[in-house]
Amino acid sequence: MIGAAALGTALMLTAAAADNSANTYVGRLVHALPLLLLAAVAIPVLVAVLQRPQLGILLVAAFVPFHGLLAIAPAKPPFAEGWKEALTLFTLAATFIPGAVRRERRPWPKVWQSAAVYFAAGAVSAVLVGGTQGVVGLKIDYFWFLLAIAVWRAPLNLRERDRLVSFLMLDGLLTALYGLWQQLAGAGVLIRLGYHYDENVRFTGSFVRSFSSFPTPFNFAYFLTLVVLVALPTCLDDPRRARNRAFLLALPVLLLALAFTFVRGAWLALGLGLAYLAIRRYRVLLFPVPFALLALAVLPGSFSTSALASGSFNERKVGWVDNISKVVSDPFGNGIGLTGASGAKTAEVDRNSFAFVYEPDNQYFKALYELGVLGLWALLLLYASVLLGLRKAERHLSGPDQALAMGVTANFIGAIAASAVSTWLEISPNEVFLWLLLAVVLTADLESS
């Protein structure tokens with residue numbers, strides 16, 4: 001009896017141990033399942049990028065507008081935040097594999113030379129500042145020039161350039177619909193989803209400012225501005241194509257979503273970009289102007305009051321006045337990575353760096369404050385060089401490539417103006433698409449294998 005009982009107890013303990021072991025393995029398998037699924041998708045994609053680096057460029061462009069959704073992802077691997085940088089580095093590395101791209105001797109454009117001057121100003125400042133601040137400032141301000149180098153080494157062909165425009169159109173519509181849904185959902189629902197008050201969820205008057213799949217309304221607004229200005233010339237050049245007709249029909253959705261961001265810098269950029277396109281070729285864009293003015297006259301009082309409030313601009317002016325003394329006292333700059341998004345990231349990574357981060361809300365003042373007079377000169381040189389390079393590309397391209405170049409030029413003209421009221425180069429994905437689209441336009445006359 002005792003022996004039987006002992007044997008039974010031993011069998012029960014063995015079975016329980018086996019069951020616990022099985023549960024442990026099952027638990028580990030379930031926990032690792034997302035990573036396994038990610039690997040199943042990522043490995044074939046990376047192999048394809050190795051074979052044709054242009055695919056990596058298109059993937060960055062297609063998915064970077066949705067990077068902000070990671071903020072509400074229920075579970076994500078620790079490396080998820082850096083996926084776009086990792087894919088960019090992998091794509092650039094793929095262009096150096098023998099046979100991956102066709103070897104051609106071609107001179108680097110003057111735009112690249114001015115970009116090198118701007119980078120040199122930042123690099124010198126980063127060395128002098130040192131530490132986390134220098135590294136973070138250098139990464140945020142200059143990393144995406146690597147994407148331009150990847151495009152320069154592996155130019156997109158005509159079909160890939162057309163796909164790039166298609167991705168922008170689709171991303172613009174999807175993000176606009178999500179932004180309008182946020183107006184219907186309200187702040188409470190958004191906060192329950194995992195967004196944070198005063199970081200993602202912001203108000204202008206009684207209105208929630210739509211931010212869609214981006215961290216803030218500013219990112220969303222400038223992306224919609226980019227989509228409208230880049231896609232419109234392509235659509236107007238070939239309005240019979242089904243894709244282009246669909247975008248023109250969806251255009252009011254994008255404009256309405258842009259209105260609910262309450263980002264006046266983006267409105268200014270859009271207006272100047274549309275004016276450039278109308279003067280340059282597309283006179284039809286002047287037709288909606290009287291109706292737009294009429295719409296402004298009949299806007300609900302609460303919306304117009306919120307949209308035209310001058311409080312934020314007054315705050316900017318106070319900040320510029322209060323900090324101009326630091327510019328005068330150190331004309332060679334106070335150090336890269338000190339203000340704006342780079343300053344906030346430095347403070348997040350290194351909590352012992354500085355407690356207060358100044359937001360200049362002006363790209364030119366930021367360059368002067370951080371990099372000094374020489375840094376501001378380098379930024380102005382870069383802007384002028386980019387504009388001249390795009391205008392030159394417009395003149396010698398034709399067909400869809402010329403339409404793309406005109407759209408990119410229109411967006412950059414808007415960016416020059418918006419830089420006076422925002423740190424435009426730090427507002428993602430502005431910096432991504434600046435270098436990507438610039439390189440795509442400058443290489444549009446090159447046939448890639």
Non-hydrogen atoms of Ala187 and Val201 that approach each other most closely: CB-CG1, 3.8 Å

Minimum side-chain heavy-atom gap Pro360-Asn323 below 4.5 Å: no

Side-chain donor or acceptor of Thr175 paired with backbone N/O of Ser213 under 3.5 Å: no

Lys392, NZ: over 12 other non-hydrogen atoms inside 6.0 angstrom: no

Note, Phe90 side chain near Leu46 side chain (heavy atom, < 4.5 Å): yes

Spatial distance of atom CG (Leu168) from atom CG (Leu437) [nearest 0.5 Å]: 6.5 Å

Pi-cation contact, Phe247 with Arg241 (under 6.0 Å, within 45°): no

Any side-chain heavy-atom pair of Leu371 and Leu376 under 4.5 Å: no

Ser422 to Ile427 - nearest heavy-atom pair and separation: CB-CD1, 4.0 Å

Pair Gln182, Ser212: side-chain N/O donor-acceptor within cut-off below 3.5 Å: no

Contact summary for Gly179 and Ser210, nearest pair of heavy atoms: O-OG, 2.8 Å

Donor-acceptor contact present, side-chain Asn244 to main-chain Asp238, <3.5 Å: yes

Arg281 and Gln402 side chains, donor-acceptor separation under 3.5 Å: yes

Separation between CH2 of Trp112 and CG of Leu382, rounded to the nearest 0.5 Å: 10.0 Å

Residue from Tyr222, Phe211, Phe220 passing side-chain contact (heavy atoms from CB on, under 4.5 Å) with Val263: Tyr222

Asp237-Thr234 side chain donor-acceptor pair, cut-off 3.5 Å: no

Aromatic plane relationship, Phe63 with Trp83 - under 30° parallel, 30 to 60° tilted, over 60° perpendicular: perpendicular

Side chain to side chain contact (heavy atoms under 4.5 Å, CB included) between Asp171 and Val227, intermediate numbers included: CA-CA 8 Å; Asp171 288 358; Val227 171; 5.8 Å; no

Pairwise distance CD1(Ile149) to CH2(Trp152) - rounded to 0.5 angstrom: 11.5 Å

Short side-chain to backbone donor-acceptor contact, Arg161 and Ala444, under 3.5 Å: yes

Minimum-distance pair of heavy atoms, taken over all atoms of Val421 and Gly265: CG2-CA, 3.9 Å

Glu370 and Ser125: side chain donor to acceptor below 3.5 Å: no

Trace of the side chain to side chain contact (heavy atoms under 4.5 Å, CB included) decision for Arg243 with Asp162: CA-CA 11 Å; Arg243 179 200 69 176; Asp162 184 67; 3.1 Å; yes

Nearest atoms (heavy-atom pairs only) where Ala154 meets Thr95: CB-CG2, 4.0 Å

Salt-bridge criterion met for Lys366 and Asp141 (N-O under 4.0 Å): no

Stepwise side chain to side chain contact (heavy atoms under 4.5 Å, CB included) test for Leu87 and Val45: CA-CA 10 Å; Leu87 181 56; Val45 169; 5.7 Å; no

4.5 Å side-chain heavy-atom contact, Asp350 and Gln133: no

Non-hydrogen side-chain atoms of Leu174 and Phe66 separated by less than 4.5 Å: yes

Donor-acceptor pair, side chain of Gln183 and main chain of Leu180, under 3.5 angstrom: no

Within 6.0 Å of CZ in Phe332, more than 12 heavy atoms from elsewhere: no

Gap between atom CZ of Phe143 and atom CG of Leu138 - 0.5 Å precision: 11.5 Å

Close side-chain approach of Asp401 to Asp445, heavy-atom, < 4.5 Å: no

Parallel, tilted or perpendicular: ring planes of Tyr383 versus Tyr364, cut at 30 and 60 degrees: perpendicular

Close side-chain approach of Leu232 to Leu285, heavy-atom, < 4.5 Å: yes

Criterion ring pair (Phe, Tyr, Trp, His ring centres under 6.0 Å) against Phe223, the qualifying member of Phe214, Phe218, Tyr178: Phe214

Validation row: Leu425, Trp144 side chains within 4.5 angstrom (heavy atoms): no

Over all atoms of both residues, closest heavy-atom pair of Ser342 and Ile140: CA-CD1, 3.5 Å

Between CD1 on residue Ile191 and CG on residue Asn200, distance to nearest 0.5 Å: 9.5 Å

Whether Arg209 side chain and Thr261 backbone form a donor-acceptor pair below 3.5 Å: yes

Name of the residue among Phe119, Trp435, Tyr118 meeting ring pair (Phe, Tyr, Trp, His ring centres under 6.0 Å) with Phe145: Trp435

Aromatic ring pairing Phe207/Phe262, orientation class (parallel under 30°, perpendicular over 60°, tilted between): tilted

Residues Met169, Cys235; criterion side chain to side chain contact (heavy atoms under 4.5 Å, CB included); working and verdict: CA-CA 10 Å; Met169 292 179 179; Cys235 295; 3.5 Å; yes

Gap between atom CD of Glu431 and atom OG1 of Thr423 - 0.5 Å precision: 10.5 Å

N-O pairing of Glu426 and Lys345 below 4.0 Å: no

